[in-house]
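See structure below.
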Number of protein chains: 2
Amino acid sequence: MISISIVEDHENYRKSLAKAIETHEQFNIIGVYPSAEEAINELVNNPPDIAILDIKMKDISGIELIEQVRAQIPDTQFLMCTSFQNDENVFNALKAGASGYIVKGSTALEIQNAILELYDGGSPMSPYIARKVISMHHKQPAPSNFGLSQRELEVLSLLSKGLLYKEISDQLDISPNTVKNHCKNIYKRLHVQNKVEALNKFNSF
Amino acid sequence: MISISIVEDHENYRKSLAKAIETHEQFNIIGVYPSAEEAINELVNNPPDIAILDIKMKDISGIELIEQVRAQIPDTQFLMCTSFQNDENVFNALKAGASGYIVKGSTALEIQNAILELYDGGSPMSPYIARKVISMHHKQPAPSNFGLSQRELEVLSLLSKGLLYKEISDQLDISPNTVKNHCKNIYKRLHVQNKVEALNKFNSF
DNA sequence: AGTACAATAGCCCCTTTGGGCTATAGCTGG
DNA sequence: CCAGCTATAGCCCAAAGGGGCTATTGTACT
């Protein structure tokens with residue numbers, strides 16, 4: 001049995017959602033709330049396997065709701081429900097901790113499948129959103145390295161761990177002065193004045 | 001018409017892939033290469049809309065191939081093909097710049113649909129991988145902030161921009177000594193000894 | 001009233017860092 | 001062979017950072 005709670009402020013949709021879920025014998029609705037405010041405590045006290053949240057609600061958005069309760073119920077998975085397939089908020093909800101979503105107007109079967117996919121470790125979502133999510137992971141092309149040499153990259157990478165010149169020189173088996181020199185050269189190339197700036201510049205490409 | 005190139009070192013699969021694609025009238029195969037090495041120049045000189053790459057190949061992996069050519073052919077989309085649905089490499093390929101993948105053993109129809117979905121701006125992938133990708137976007141729950149005060153967070157955020165104590169004190173309109181004090185307190189809370197360590201610790205939670 | 005803590009700010013002292021400059025050895029490409 | 005580049009390493013000096021301590025003010029909870 002998969003326990004499910006629903007948070008949805010439109011009465012009609014809330015009811016039809018509940019009905020679609022009830023008909024599947026593997027699902028067990030343990031809570032239905034008409035507002036985020038009312039849901040927030042109940043979700044924490046009685047965490048479902050899956051919480052179905054409307055993204056846009058009058059009082060608190062589903063996204064905020066996730067942010068507020070997720071830490072306390074780490075085993076609950078969040079399935080958003082949205083009116084618009086490609087809502088920008090869907091993307092934000094996924095970032096906040098949701099694992100998938102369904103579109104309002106889906107058939108009972110589609111809803112059930114989404115829940116099962118979610119419970120199974122999947123992430124029901126549209127191809128468009130999927131692409132958007134993975135695009136965020138794409139490293140920018142042509143790292144180019146700003147023309148830094150291999151050794152300089154090595155030093156930079158150790159710097160990024162918070163090591164001192166001395167510690168770096170020990171690891172690379174060179175003099176601390178040399179490490180210093182590499183840093184100076186790195187700073188010149190990147191047009192910066194200190195470690196943090198260098199790391200920022202480099203890591204943002 | 002969608003132009004397509006194929007890079008695949010197993011002859012049998014290469015041929016069956018080509019056949020599955022040819023039968024669709026909207027697809028136009030403009031290159032078929034049995035190794036990454038041979039493909040690399042051709043892809044750059046004659047970039048297809050979609051490049052289908054085997055993830056594991058004898059000489060260079062499909063992932064490395066993407067890294068090497070992506071910068072030069074930004075309009076080409078990469079569709080990986082893999083033997084194992086949940087291969088760790090699939091995930092790495094997506095990070096490198098691929099936009100989706102197909103599993104070896106898919107039917108011609110499945111292959112065609114994946115290509116169309118990709119061309120359409122989607123990202124064909126299994127639910128498991130989708131989840132993995134979006135999980136990476138989840139902010140860690142309960143930022144908790146390590147018990148840092150509001151002011152300390154403010155200072156930390158300015159530190160992360162590479163500013164000096166003096167610059168921070170100017171912006172916050174307090175004394176540089178106070179900024180220093182905040183830093184000292186931050187370091188104590190986070191159990192670190194310097195800026196870079198503090199930023200690392202904080203940003204990785 | 002008393003305790004606790006955040007934010008402010010100063011002091012001292014030493015270490016680390018950053019910038020300038022020089023120098024040598026090795027390697028590479030005209 | 002020479003010019004250019006990298007990696008190495010040293011020197012000097014000044015600025016920035018980090019750790020220890022104390023102190024005042026204000027707010028908040030008890």
Side-chain angles (χ1 to χ4, degrees), chain A residues 41 44 67-68 71-72 142-205, chain B residues 40-41 67-68 71 140 142-205:
Chain A
N41 281 321
V44 172
E67 284 169 352
Q68 285 188 41
Q72 293 151 74
S144 80
N145 296 339
F146 283 98
L148 295 183
S149 75
Q150 206 45 52
R151 199 52 152 180
E152 285 164 347
L153 291 174
E154 224 170 326
V155 171
L156 198 51
S157 139
L158 293 171
L159 271 186
S160 80
K161 297 184 183 164
L163 302 186
L164 305 180
Y165 291 169
K166 182 68 181 59
E167 296 169 321
I168 295 177
S169 72
D170 285 349
Q171 255 188 65
L172 297 182
D173 207 37
I174 56 181
S175 143
N177 278 317
T178 303
V179 174
K180 196 177 177 180
N181 247 311
H182 285 309
C183 286
K184 286 190 269 197
N185 292 331
I186 292 168
Y187 296 165
K188 272 184 200 154
R189 276 289 149 85
L190 302 186
H191 305 294
V192 296
Q193 269 77 43
N194 61 55
K195 295 187 199 184
V196 180
E197 279 181 3
L199 295 172
N200 281 341
K201 192 127 188 177
F202 191 76
N203 288 329
S204 75
F205 312 49
Chain B
I40 200 157
N41 281 320
E67 285 168 352
Q68 285 186 43
Q140 86 300 349
S144 80
N145 297 339
F146 284 97
L148 295 183
S149 74
Q150 205 47 50
R151 198 52 151 179
E152 285 163 347
L153 291 174
E154 224 170 326
V155 171
L156 199 51
S157 139
L158 293 171
L159 271 186
S160 80
K161 296 184 183 164
L163 302 187
L164 306 179
Y165 289 170
K166 182 67 181 59
E167 295 169 322
I168 296 176
S169 72
D170 284 348
Q171 253 187 66
L172 297 182
D173 208 37
I174 56 182
S175 142
N177 278 316
T178 302
V179 174
K180 197 177 175 178
N181 246 312
H182 285 310
C183 286
K184 286 190 270 197
N185 292 330
I186 291 168
Y187 296 165
K188 271 185 200 155
R189 274 292 147 87
L190 301 186
H191 305 295
V192 296
Q193 269 76 45
N194 61 55
K195 296 186 199 185
V196 180
E197 280 181 2
L199 294 173
N200 281 341
K201 191 128 189 176
F202 190 76
N203 288 329
S204 74
F205 324 31

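So that the names make sense, note that chain A is the first sequence line, chain B the second, and so on, each numbered from 1. Note that the structure is predicted; figures quoted are calculated from it, not measured.
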Close side-chain approach of A/R189 and A/E152, heavy atoms under 4.5 Å: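 They are in side-chain contact.
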- request: Report yes if some heavy atom in the side chain of B/N177 is under 4.5 Å from a heavy atom in the side chain of B/N181; otherwise report no.
  value: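 No, too far: nothing below the 4.5 Å cut-off.
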task: For nucleotides 3-15 of chain D, just jot down a letter per nucleotide in 5' to 3' order: B, S or -, based on protein non-hydrogen atoms under 4.0 Å.
output: ---SSBBB-B---
field: Shortest non-hydrogen separation from A/N194 to B/L164 and the atoms involved
entry: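 Residues A/N194 and B/L164, closest heavy atoms: ND2-CD2, 4.2 Å.
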Below 4.0 Å: OP1/OP2 of C/dT17 and any side-chain N or O of A/K195: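 So the side-chain polar atoms of A/K195 do come within 4.0 Å of the phosphate oxygens OP1 or OP2 of C/dT17, strictly under.
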- request: Check whether any side-chain nitrogen or oxygen of A/Y187 sits under 4.0 Å from OP1 or OP2 of C/dG18, and answer yes or no.
  value: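 So the side-chain polar atoms of A/Y187 do come within 4.0 Å of the phosphate oxygens OP1 or OP2 of C/dG18, strictly under.
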What is the distance from [atom1] of [X] to [atom2] of [N], rounded to the nearest Å?
{"X": "A/D170", "N": "C/dT16", "atom1": "CG", "atom2": "P", "value": "12 Å"}
{"X": "A/L199", "N": "C/dG18", "atom1": "CG", "atom2": "C1'", "value": "15 Å"}
{"X": "B/K188", "N": "C/dA6", "atom1": "NZ", "atom2": "C1'", "value": "14 Å"}
{"X": "B/L156", "N": "D/dG17", "atom1": "CG", "atom2": "C1'", "value": "15 Å"}
{"X": "B/N194", "N": "C/dT15", "atom1": "CG", "atom2": "P", "value": "16 Å"}
{"X": "A/H191", "N": "C/dG19", "atom1": "NE2", "atom2": "P", "value": "13 Å"}
{"X": "B/I168", "N": "C/dT8", "atom1": "CD1", "atom2": "P", "value": "13 Å"}
{"X": "B/I186", "N": "C/dA7", "atom1": "CD1", "atom2": "C1'", "value": "13 Å"}

query: Is the backbone N or O of B/Q193 less than 3.5 Å from a side-chain atom of B/E197, with the two atoms forming a donor-acceptor pair by type?
result: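 At least one qualifying donor-acceptor pair exists.
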- prompt: By side-chain contact (heavy atoms from CB on, under 4.5 Å), which residues pair with A/T178, not counting sequence neighbours?
  reply: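 side-chain contact (heavy atoms from CB on, under 4.5 Å) check on A/T178 returns A/I174, A/S175, A/H182.
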message: Which residue in the set A/I186, A/L159, A/N200 passes side-chain contact (heavy atoms from CB on, under 4.5 Å) when paired with A/K195?
response: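 Option passing the side-chain contact (heavy atoms from CB on, under 4.5 Å) with A/K195: A/L159.
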